[in-house]
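Let me begin by presenting the structure, written as structure tokens, before commenting on it.
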2 protein chains.
Amino acid sequence: MTMQDQVKANIIRGIRKLLLNSHSMSKAEITEALSISFPTVSKFIQEMVNRGEVLSLGLLPSAGGRRARNFAFNPDFVHTLLVYLEKEETKYVITDAFNKKIQEDAVESFLKQDPRALSAFLRTKLIDDPSIRTIAMGIPGAVNGDVISYIPGYPLYANQNMRDILNLPVEIIIENDMNAAVIGYQNRKGLSSDASLVYIYMGANGPGAGILINGKLVKGHTMFSGEISFIPINDNNRFLPESGFDLEDERFIALISKLIQTISALLNPSQIIFHQSEVNELFLNKVNENVRRYFPSEHLPELYVSDWDKDYKEGLWDIAKSKLCEMSF
Amino acid sequence: MTMQDQVKANIIRGIRKLLLNSHSMSKAEITEALSISFPTVSKFIQEMVNRGEVLSLGLLPSAGGRRARNFAFNPDFVHTLLVYLEKEETKYVITDAFNKKIQEDAVESFLKQDPRALSAFLRTKLIDDPSIRTIAMGIPGAVNGDVISYIPGYPLYANQNMRDILNLPVEIIIENDMNAAVIGYQNRKGLSSDASLVYIYMGANGPGAGILINGKLVKGHTMFSGEISFIPINDNNRFLPESGFDLEDERFIALISKLIQTISALLNPSQIIFHQSEVNELFLNKVNENVRRYFPSEHLPELYVSDWDKDYKEGLWDIAKSKLCEMSF
DNA sequence: TAAACTTATTAAAGTAGTTTAATAAGTTCA
DNA sequence: TGAACTTATTAAACTACTTTAATAAGTTTA
């Protein structure tokens with residue numbers, strides 16, 4: 001990719017990102033936001049209008065002079081198919097360019113079946129809605145590029161290159177569910193793009209964490225990061241609540257306290273987030289108080305509860321949206 | 001900074017980086033390495049030669065056709081003053097553009113004195129060698145931009161903006177010593193620019209770690225990352241070897257094993273590095289064997305010993321070199 | 001040893017974003 | 001209500017990197 005192709009790609013990505021994150025904008029606003037010249041914005045917007053990607057929305061109220069023309073991303077220029085592969089069921093959502101639901105449903109879990117069954121199912125969705133240009137999938141396993149490198153319990157998906165095996169005529173993006181959730185949280189809360197966050201999920205199949213450092217996902221050398229059940233907090237050299245998830249139990253409080261202390265000492269993130277169905281404010285207050293006895297409080301992260309499902313849903317969309325900004329139409 | 005200024009800065013940075021990392025290069029080699037056109041390289045090299053930044057070194061042997069002209073960065077175009085602020089003494093090195101030592105000495109520690117004493121000292125060095133354009137300082141404390149945000153034991157330096165208080169007519173860069181060491185290690189070993197490494201130092205004043213994730217230093221929300229003494233491995237909710245640093249002692253082996261297990265479970269780095277004066281191969285083998293009992297061995301990092309002093313020295317230079325590539329002359 | 005081939009460099013034409021000037025379309029105020 | 005001002009858009013001149021062509025300076029081979 002030559003240097004001016006990169007410049008061009010940068011401009012298009014910038015314009016798309018702005019338009020996808022706001023209802024509508026004028027050329028002057030885009031010029032200002034991207035620090036590029038008005039004529040350049042004008043040229044690119046014209047091209048985007050020509051190919052139906054951007055809609056010209058008429059005139060904005062005057063700001064003291066000639067009224068500016070208003071532009072918005074065409075919601076139906078591209079649709080996205082978001083697929084959530086879960087143990088009990090496979091959820092999917094078809095959304096427009098602004099993440100507005102067009103169709104939503106849950107079907108039998110494909111994780112227990114051959115991936116080709118999933119491929120066939122997705123193909124029917126692509127035929128029903130030819131506007132779909134991207135499929136983003138969330139997976140309860142480790143992802144390395146297009147490959148599922150580790151997915152306990154679902155051998156049919158282990159070490160599969162999903163792009164190859166699904167073999168569909170659209171962009172395929174896969175991501176680990178915890179990683180998607182932490183990205184979703186970051187965006188839902190409007191946190192900075194270089195945030196450092198750790199999202200903790202106790203889960204039925206053992207705990208896990210999604211880790212974002214300097215705004216980038218921490219995947220690890222062998223895609224094994226965030227496997228907090230292997231932190232040797234208990235006597236058995238693991239981190240697993242033998243006492244169960246009893247929010248009143250002192251032992252459970254001590255366990256989570258040590259986890260937080262460990263993460264804080266090593267990474268010093270600004271926030272640690274828990275699933276709202278797993279902990280409550282009272283519990284976190286107790287934990288917070290407990291950790292302060294052993295750790296300087298000015299360096300402790302904020303402890304928050306959040307809605308994991310919402311964060312996960314949003315996160316997968318954010319990942320798809322980033323891809324959308326990169327695509328060429 | 002407008003878009004084409006960025007393009008220009010990118011090109012200059014690219015050329016400098018190449019020339020500073022190789023003895024000499026032809027224009028064609030630079031063209032190839034940077035994916036920019038020959039005439040553009042030619043233009044920039046010409047400018048750099050004109051201002052004395054680059055030397056024209058004559059003709060290379062023929063590769064089957066017309067012989068190419070050979071270019072190299074002028075070693076004496078800029079000198080750098082590297083300052084290592086340590087407890088017992090302050091070391092400094094003046095180096096040329098290829099990190100060749102021009103002058104080296106150790107003087108009384110400035111950490112116990114007012115920073116203005118350091119300023120006066122550095123000023124004499126700048127007068128002695130007017131080629132010095134950058135001062136890079138390594139500090140046993142947390143650094144946030146130009147500010148020393150935390151430095152136990154040296155209250156005169158705490159919360160000082162070093163750029164302001166030193167008030168010198170050159171670029172000032174400060175970095176934590178552990179962070180510099182991990183960068184130095186990365187470069188000395190020629191590791192990839194997105195490596196994930198943890199450098200562990202037991203130290204006299206308590207242990208610390210320099211953490212590099214996806215090629216970026218992890219500094220933490222309040223510059224408190226890597227404070228591994230606060231990891232609650234012992235019963236007292238800390239990580240401090242009560243048994244002393246006895247490499248034969250089972251308790252010490254267990255302690256380090258748990259530290260490695262913790263780091264691996266959370267971050268899954270490719271390497272964990274120890275100081276060669278603190279551990280030995282035999283000890284690390286024992287630790288490695290120990291961790292494998294509780295942690296999947298395919299996800300364990302490689303354990304290495306390295307020369308901390310060399311890594312630190314090299315790291316501070318690498319940081320200064322990066323700055324040098326950004327500067328305008 | 002001269003024609004054919006290779007590689008490096010320079011020159012000229014092409015492409016794409018920026019800057020500046022001109023024009024269009026509003027608002028404000030005497 | 002029209003002169004002065006404000007903001008948006010378009011047009012033209014400018015700048016800078018790329019591409020292609022021409023030239024320079026070697027090597028190889030019949």
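We name chains A, B, ... by the order of the sequence lines, and we start the count at 1 in each one. Below, all heavy atoms of this structure are taken into account, side chains as well, without hydrogens, waters or symmetry copies.
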Between A/E314 and A/G184, which heavy-atom pair has the shortest distance, and what is it? CG-O, 3.7 Å
Take atom CD of B/Q6 as the centre, draw a 6.0 Å sphere, and report whether it contains more than 12 heavy atoms from other residues, nucleotides or ligands. yes
Side-chain donor/acceptor of B/E29 to backbone N/O of B/S26, under 3.5 Å: yes
Looking at A/R13, A/R133, A/K17, which hits salt bridge (charged side-chain N to carboxylate O under 4.0 Å, His left out) with A/E326? A/R13
Heavy-atom contacts under 4.0 Å between residues 34-65 of chain A and DNA chain D, which residues? A/F38, A/P39, A/S42, A/A63, A/G64, A/G65
Polar side chain donor-acceptor pair, B/Y185 to B/Q271, under 3.5 angstrom: yes
N/O donor-acceptor pair under 3.5 Å between B/N70 side chain and B/L57 backbone: no
Cut-off 3.5 Å, side chains only: do B/K323 and B/T134 have a donor facing an acceptor? no
Residues from residues 14-33 of chain B lying under 4.0 Å of DNA chain D - heavy atoms: none
A/F329: ring pair (Phe, Tyr, Trp, His ring centres under 6.0 Å) partners, not counting sequence neighbours: A/F77
Between A/D129 and A/H79, do the side chains contain a donor N or O and an acceptor N or O under 3.5 Å apart? yes
Is A/R69 reaching over with its side chain to a backbone N or O of A/L60, donor-acceptor style, under 3.5 angstrom? no
Terminal axes of the helix from C/dT1-D/dA30 to C/dA30-D/dT1 (five pairs each): angle between them, nearest 10 degrees: 20°
B/K8 atom NZ: more than 12 heavy-atom contacts under 6.0 Å: no
Using atom CZ of A/R69 as one end and atom P of C/dA25 as the other, report the distance to the nearest whole Å. 11 Å
What residues in residues 2-11 of chain A put a non-hydrogen atom under 4.0 Å from any atom of DNA chain D? A/M3, A/Q4
CZ of A/R66 versus P of C/dA25: gap in Å, rounded? 5 Å
Examine the side chains of B/N187 and B/D318 and answer whether a donor and an acceptor come within less than 3.5 Å of each other. yes
Which residues satisfy the salt bridge (Lys or Arg N to Asp or Glu O under 4.0 Å) test with A/D177, sequence neighbours excluded? none
